[in-house]
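Written below as C-alpha cells is the structure these notes are about.
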Amino acid sequence: MIDFDLLRHEPERLQAELKKRFITDIDLAELTRLDEERRSSIAKLEAQQAEHKKQSESIAVQRGLKRAGSIKKAKKLAIEIKDLERAAQDATQAFIKIAALLPNLSHESVPAGKTSVDNRVEAVHGEQPHFDFPVKPHWQLAEQLGGLDSKRGARLAGSRFHYIQGDLVYLQFALLRFAMDELTQHGFVPMLTPVMVKEEALYGAGTFPIDTSEVYKLESDPLYLTGTSEIALLNYHAHETIEVEESPQRFMGYSTNFRREAGAYGKDIKGLIRQHQFDKLELFIFVSQEQSWDFFEKELLTICEGLMLKLGLHFRRVTLSSGDLPRKFQKTYDLETWLPSEQRYLETHSISHAGDFQARRLGIKYKTATGQRRYVHTLNATGFAFSRMPVVILENFQQADGRVKIPEVLQPYLHNRALLGQK
RNA sequence: GGAGAGGUGGGUGAGCGGUUGAAACCGCAGCUCUCGAAAAGCUGUAUGCCCUUUACGGGCAUCGUGGGUUCGAAUCCCACCCUCUCCGCCA
C-alpha cells in the first residue's frame with residue numbers, strides 16, 4: 001500500500017510511476033473520483049453521528065415529554081446513520097479494490113524498461129569455468145549421482161515434483177548449515193515458519209490481490225500455502241510497534257515453499273530449476289526508514305554475494321528494470337549464476353527493498369527518538385534456494401567422470417569429502 | 001472432534017445498559033527538589049480515520065473480530081477467531 005496522500009497531492013508522480021512500470025489496468029482519474037466519494041461519504045456519516053451522539057447524551061439527563069421528543073429524534077437519526085454507514089463502507093470498498101493494485105514507488109535508480117531484457121548488469125563476480133569435456137546438464141548429473149528421481153516424483157504428484165535423495169540431500173543440508181553459520185555472524189536469527197497462512201497475511205505482503213494465481217489454496221480450510229517464508233517472516237510483526245532504532249531486526253527463515261507456476265507451462269520442465277515445491281532459506285529485515293537504503297545497498301548485498309563468493313561460483317548482479325520489478329517492491333537485485341549447460345545466467349537470488357509498502361498494509365511501525373511513529377521498511381533476500389543452488393553447484397563443479405567437486409567451504413559439512421559421487 | 005473458563009489501554013486489573021476512551025495500581029516521559037542520584041510530589045502518557053493550509057485545533061470510530069437488540073453497549077443476544085483447563089486423537 002502506498003501513502004494515499006500521494007493520490008491527493010501528487011497524482012502526477014503516481015501517473016509517472018504507472019507509466020514507468022507499463023501498468024495499464026489502473027485509471028488514476030477514476031481512482032481519485034472514488035477517493036473523493038469515499039471521503040465525502042465519511043464526512044456525511046460522521047456529522048450525523050455527532051448529532052446523534054449529542055441527542056443520546058441529552059436523553060440520559062432528561063425526563064418526561066422532553067425525553068420522549070429527544071428519543072423520537074434520535075430514533076430517526078439512527079436509521080439515517082445505518083444508510084450512511086453502508087454508503088461509506090461501499091465507497092471505501094470500491095476505492096480499495098482499485099487502490100490495492102497500485103504499485104510501490106520504484107527507486108530512482110531502477111532502470112526504465114519493459115522486460116528482463118532491460119535489466120541492468122551491475123557487477124560480475126568470479127570466473128566463468130572452462131571445461132575440456134562436454135558438460136552435462138544438472139539433471140543428468142543428479143540422476144547419475146542417484147540424487148534425483150523425477151519419474152517417481154511425477155507418478156506420485158505430477159510434473160515438477162521430485163524425489164531428491166542421497167548426496168543431493170546431504171548437499172542441501174551442507175549448504176544450509178554453511179549459510180546459517182555465516183549469517184548468524186551477521187546477526188540473523190533463525191526461524192522455522194508456518195507455511196499455511198490466512199488470506200490477510202498474503203494481502204499484507206503484497207502478494208494479493210495481484211498474484212493470486214501463483215498460490216495454492218486449501219479446500220477444507222481458509223488457508224493458503226506460501227511460496228516463500230517472506231510471508232510468515234513479515235507477518236511476524238504484523239500490527240506491532242517494534243524496536244529498530246538501534247539496529248535492524250534480521251531473520252532467516254527456512255521453509256518448504258509451494259508455487260503453482262501457472263504461467264510457466266513447458267518452461268524449465270526438466271530437473272530442479274522450476275518445481276512446485278522446494279526449500280529455501282530466506283532473509284528478512286525490519287529496518288528504520290533512515291537506515292534502510294544504506295543497509296540494503298551495502299550490508300545486505302555484501303552478505304548475499306559473500307556466500308556465493310565463498311562457494312567460488314561465477315555470478316552477476318542485475319537490477320530489475322521497472323517493467324520486471326514486482327509491484328510491491330521499490331527495487332530488486334537478482335543474482336544470476338552461470339549455468340554451463342545452457343551457456344546462460346540463471347536467477348538464483350532475489351534481493352528486494354519494499355520500502356513501507358508492506359508495513360503500511362500490516363501496520364508495522366517504530367518510534368523515532370523524538371517519539372514519532374513511523375512505518376518500518378522491510379527488505380527480503382534469498383539466502384539459498386535449494387531448488388537452484390544444487391543446479392549451479394552440480395554444473396559448475398562437474399568433472400569429466402560425472403562426479404562433482406565439493407566447494408572447500410562445504411567440505412566440513414560433508415564429512416570432509418572432496419567429491420560428490422565418491423564412494 | 002467433545003466439555004468447560006476466559007479475551008479490557010505498555011503491564012496487572014476494575015467496570016457488567018447512560019456525560020466511561022474507559023477507575024486504581026505498576027511501568028514510562030517531563031518537571032520540582034538534589035552537586036548528582038534515590039525517595040517524594042506534580043504533570044503527562046492508546047490507536048486509526050475524517051475535516052480545516054494545521055492548531056500543543058475540531059470531529060468520528062475502536063474494550064478479540066464481525067453482525068444484532070436499544071435513543072444509547074466494554075456491559076445484553078448471535079456467529080466466528082484466539083488463549084487456558086479436562087477428555088479424545090496424534091509426531
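Keep in mind it's a predicted model, so treat the numbers as computed, not measured.
Atom-to-atom, CG of D5(A) to P of C51(B) comes out at 10 Å; the value is rounded to the nearest Å. Between the NE2 atom of H239(A) and the P atom of G10(B) there is a distance of 15 Å, given to the nearest Å. Rounded to an integer number of Å, the gap from CZ of R67(A) to P of C71(B) is 11 Å. In this structure, D3(A) places its CG atom 13 Å from C1' of C49(B), rounding to the nearest Å. Note: CD (E200(A)) to P (U65(B)) measures 13 Å, nearest angstrom. Atom NZ of K53(A) is separated from atom C1' of U62(B) by 11 Å (rounded to the nearest Å). A straight line from CD of E240(A) to P of G10(B) spans 12 Å, rounded to a whole angstrom. Separating the CG atom of L362(A) from the P atom of U47(B) is a distance of 19 Å, rounded to the nearest angstrom.
In this structure, G146(A) and Q165(A) approach most closely via the heavy-atom pair O-CG, 3.2 Å.
If you check the side chains of N257(A) and S255(A), you find a donor sitting under 3.5 Å from an acceptor. Q358(A) and Y375(A) are not linked by any side-chain donor-acceptor pair at a separation below 3.5 angstrom, with hydrogens and angles left out of the test. Using modelled atom types and a 3.5 Å distance limit, the side chains of D334(A) and S350(A) yield a donor-acceptor pair. A side-chain donor-acceptor contact under 3.5 Å links N104(A) and Q330(A). In this structure, a donor-acceptor pair under 3.5 Å is present between the side chains of D279(A) and T256(A). Defined by atom type and a distance below 3.5 Å, a donor-acceptor pair is missing between the side-chain atoms of R160(A) and Q275(A). A side-chain donor-acceptor contact under 3.5 Å links Y216(A) and H276(A).
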*Using Watson-Crick or G-U wobble pairs with both distances under 3.5 Å, give me RNA chain B in dot-bracket, 5' to 3', with [ ] for crossers and | for pairs to another strand.*
((((((((.[[[..)..(.....]]]((((((.......))))))((((((.....)))))).[[[[[..)....]]]]])))))))....

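Checked against G18(B), C49(B), G72(B), the side chain of H52(A) finds its nearest nucleotide in G72(B). Distances from the side chain of A43(A) to the nucleotides C50(B), G59(B), C71(B) place C50(B) closest. Listed candidates were G48(B), C50(B), G18(B). Nearest to the side chain of S56(A) is G18(B). Set against U47(B), C51(B), C71(B), the side chain of R39(A) has C51(B) as its closest nucleotide. Between C50(B), U47(B), C60(B), one nucleotide has an atom nearer to the side chain of Q49(A) than all others, and that is C60(B).
Residues of residues 76-90 of chain A that place a heavy atom closer than 4.0 Å to RNA chain B, in numerical order, are A78(A), K82(A), Q89(A).
When heavy atoms are screened at a 4.0 angstrom cut-off, A60(A) is found touching base atoms of the nucleic acid.
The same atom, C1', is picked in A22(B) and in C63(B); the two are 8 Å apart, to the nearest Å. The separation of G41(B) from G48(B), taken at their C1' atoms, amounts to 36 Å, rounded to a whole angstrom.
Atom CZ of R33(A) is surrounded by more than 12 heavy atoms from other residues, nucleotides or ligands within 6.0 Å.
Taking for each of Y375(A) and L45(A) the nucleotide of RNA chain B with the nearest heavy atom, the 5'-most of the two is the partner of Y375(A). Taking for each of Q55(A) and I42(A) the nucleotide of RNA chain B with the nearest heavy atom, the 5'-most of the two is the partner of I42(A).
For the pair R373(A) and U47(B), the criterion of a side-chain N or O lying under 4.0 Å from OP1 or OP2 is met. The shortest distance between the side-chain N/O atoms of R38(A) and the OP1/OP2 oxygens of C49(B) is not below 4.0 Å.
Each of E182(A), E305(A), E408(A) was checked for a salt bridge (Lys or Arg N to Asp or Glu O under 4.0 Å) with K310(A), and the lone residue meeting it is E182(A).
Side-chain N/O atoms of R360(A) and base N/O atoms of G48(B) include no donor-acceptor pair closer than 3.5 Å.
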